[in-house]
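One structure is given here, and the rest of the page talks about it.
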Amino acid sequence: MPIPQAADRVPRRGAPGLDVVDPATGETFDQVLDQRPEELDDLVDRSRRAWTGWRADPAARTKALLAAADAVEAAGDDLAPLLTREQGKPLAEARAEVARTAARLRYFSAMVPRTRPIDDGRPVHSEVRWRPLGPVAAIVPWNFPLQLAAAKFAPALAAGNTVVLKPSPRTPLATRLLGTVLAAVLPEDVLTVVTGREPLGARLVSHPGIRHVTFTGSVPTGRTVATATAASLARVTLELGGNDAAVLLDDVDVDRVADRLFWSAFRNCGQVCMAVKRVYAPARLHADVVEALAQRARTVVVGSGLDPDTRLGPVNNAAQLARVEELTHRALAAGARPAAGGQRLDRQGYFFAPTILTAVPPDAAVVTEEQFGPVLPVLPYRNLDEAVDAANGTGFGLGGSVWGTDLDRAAATADRLECGTAWINHHAELSLAQPFAGVKDSGLGVAGGPWGLYGNLRPFVVHRPREEGP
């Protein structure tokens, strides 16, 4: 499939364009349409009208979503390089993201809400049916543009809703191309992709025609989104990131888990909401853990995602690079030491050296906040209660993990973590069939599995007499 030109990837005549930067070079390499907020009225209305037919035929939806999955797989050779170019991740990871996008469409294509009878002893037959909500607004960040888009639109479409999808202005190209690919197999206006700067997103989430807003991004923006939906009483689902802790028990085999632990923190250059962002190690093992992780940080190949030897790409954008640098420098100024990295790489593009920090003050911002980059603080603890308290001691609660040899003890420790998902001896691995949700500031609502489907539906109860009267 050739990459679309004209209307899909460049501005209309006379319309402003949105520059797209390659993070591996720091240079603009393309433009996409910067749509005006006032265009949303027509687009949302068309989405609402398309909803009437889309919601009426579940069998047709299943067929269309299966065709959509096939179309995404067929377009992988175009989607993956474009995703790497605008996001920065290694091409192998971009291909995996395309594959997961198709897999999610295929998974939800077969999912049909169940009608549930209510037997409460009354002389009426009652049952709960499920109805779609209407047009859904899906707002997607720049770290996993396609995968997170599918996590929103696949269950919404399967439930019988239509979707208006807005990618981050930093990574609009692959999503725009995805929209073109899907438009060839889905009915018109069932899935609409809009691209542009703010206030386009703000106008979309507050639009009175939108009945569900699903957003992934920062906590402050999530609060703003929730406030914006209040006027229309639209349903809102928020995934607001995390500051996941990995707690290592005193029986952990450092050599055995070091590689898994490293990549749990550094995949996608640390730009993963549920990545390990801080490690708590027993004091007697702390130096061993630091050295094992630092050795990997010092030797991993960092470069352009299009280079087949690259394992770690750039930070996605200049603003995020500046934040990672600031948090690191503040920690170093407070007494932390870099066992590896600690600074930008002296090359073109948005590269920061993979960094392992030791001697980090527990209240340093790089520990208490979400750094969202290739920086990992490793902190020692004296007893397990202290480590669990520290792991639970931030406002975040997306995920967490426990690492050790005694699996029962590790499971008991994981049960004490205040988060939505806990892993033992691994981290950030999800199944399409499982729920994904955070606690505290990490989110509102549930995505994934049947929970993701029902989050896009409302109950509709029907009562009828068991027997007709005289």
Side-chain angles (χ1 to χ4, degrees), residues 241-248 252 254-255 257-300 302 311-316 320-346 350-382 386-396 398-401 403 427-428:
N243 188 4
D244 290 12
V247 177
L248 277 57
V252 68
V254 175
D255 291 337
V257 305
D259 206 56
R260 271 175 284 155
L261 184 59
F262 178 83
W263 287 110
S264 294
F266 285 90
R267 184 169 67 93
N268 198 25
C269 202
Q271 300 166 128
V272 182
C273 60
M274 55 182 171
V276 169
K277 297 187 174 74
R278 49 202 168 109
V279 173
Y280 295 95
R284 71 176 184 85
L285 297 175
H286 179 260
D288 293 341
V289 173
V290 168
E291 180 53 31
L293 294 173
Q295 190 274 335
R296 286 159 175 80
R298 289 190 293 262
T299 56
V300 67
V302 179
R311 295 292 309 278
L312 208 63
V315 175
N316 174 258
Q320 187 60 28
L321 177 63
R323 171 170 170 77
V324 170
E325 184 176 45
E326 178 198 5
L327 290 175
T328 302
H329 287 180
R330 285 167 59 186
L332 295 176
R337 297 192 305 273
Q343 70 288 317
R344 296 189 189 207
L345 293 176
D346 185 16
Y350 305 140
F351 290 97
F352 197 87
T355 297
I356 304 297
L357 295 177
T358 186
V360 187
D363 61 350
V366 76
V367 175
T368 62
E369 299 179 15
E370 182 180 29
Q371 67 270 37
F372 218 64
V375 178
L376 182 64
V378 184
L379 299 97
Y381 70 84
R382 293 165 299 178
E386 174 188 305
V388 171
D389 287 347
N392 293 335
T394 75
F396 294 96
L398 193 60
S401 56
W403 304 68
H427 197 104

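Treat the numbers as computed from the prediction; the structure is a model and nothing was measured.
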Between Val300 and Trp263, does the side chain to side chain contact (heavy atoms under 4.5 Å, CB included) criterion hold? Intermediate values first, please. CA-CA 11 Å; Val300 67; Trp263 287 110; 3.7 Å; yes
Under the side chain to side chain contact (heavy atoms under 4.5 Å, CB included) rule, what do Cys273 and Leu398 come out as? Steps first, then yes or no, please. CA-CA 8 Å; Cys273 60; Leu398 193 60; 3.8 Å; yes
Is there a side chain to side chain contact (heavy atoms under 4.5 Å, CB included) between Glu386 and Asp389? Walk through the geometry before answering. CA-CA 5 Å; Glu386 174 188 305; Asp389 287 347; 5.9 Å; no
Steps toward salt bridge (Lys or Arg N to Asp or Glu O under 4.0 Å) verdict (Glu369, Arg323): CA-CA 11 Å; Glu369 299 179 15; Arg323 171 170 170 77; 3.1 Å; yes
Decide side chain to side chain contact (heavy atoms under 4.5 Å, CB included) for Leu376 and Phe266; before the verdict, give the C-alpha distance in whole Å, the side-chain angles of both, and the deciding distance to 0.1 Å. CA-CA 8 Å; Leu376 182 64; Phe266 285 90; 4.0 Å; yes
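At least one side-chain heavy atom of Val252 sits less than 4.5 Å from a side-chain heavy atom of Val257. Residues Thr355 and Pro374 have side chains not in contact (no heavy-atom distance under 4.5 Å, counting atoms from C-beta outward). The shortest distance between side-chain heavy atoms of Leu379 and His286 does not fall below 4.5 Å. A 4.5 Å side-chain heavy-atom check between Val367 and Pro362 finds every atom pair outside the cut-off.
A donor-acceptor contact closer than 3.5 angstrom links the side chains of Ser401 and His427.
Nearest approach of Tyr280 to Ala245, heavy atoms of both residues: CE1-CB, 3.9 Å. In terms of heavy atoms, Leu332 sits closest to Gly342 at CD1-O, 4.1 Å. For Ala365 against Arg330, the heavy-atom pair with the smallest separation is CB-NH2, 3.6 Å. Nearest heavy atoms, Asn243 versus Gln371: OD1-OE1, 4.4 Å. The shortest non-hydrogen separation linking Val360 to Pro377 is CG2-CB, 4.0 Å. Counting all heavy atoms, side chain and backbone alike, Asp244 lies closest to Ala275 at CB-O, 3.2 Å.
Annotation: the span from Ser264 atom OG to Lys277 atom NZ amounts to 11.5 Å, rounded to 0.5 Å. One finds the OG1 atom of Thr368 at 8.5 Å from the CZ atom of Arg278 (value rounded to the nearest 0.5 Å). Taking CZ from Arg267 and CZ from Phe262, the interatomic distance works out to 13.0 Å, rounded to the nearest 0.5 Å. Put simply, CZ on Phe351 and CG on Leu345 are 8.0 Å apart, with the number rounded to the nearest 0.5 Å.
Remark: side-chain polar atoms of Gln320 are paired, donor with acceptor, to backbone N or O of Phe372 under 3.5 angstrom. Panel note: side chain Gln271, backbone Asn316; a donor-acceptor pair is recorded below 3.5 Å. Proximity of a side-chain donor or acceptor of Tyr381 to a complementary backbone N or O of Leu248 within less than 3.5 Å is detected.
Results of the side chain to side chain contact (heavy atoms under 4.5 Å, CB included) test with Trp403 over Val254, Leu261, Val279 single out Leu261 as the only residue that passes.
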Enumerate, atom names and distances included, each donor-acceptor pair closer than 3.5 Å involving a side-chain atom of residues 288-297, sequence neighbours excluded.
{"from": "Glu291", "atom 1": "OE2", "to": "Arg298", "atom 2": "NH2", "distance (Å)": "2.7"}
{"from": "Arg296", "atom 1": "NE", "to": "Asp259", "atom 2": "OD1", "distance (Å)": "3.2"}
{"from": "Arg296", "atom 1": "NH1", "to": "Ala292", "atom 2": "O", "distance (Å)": "2.9"}

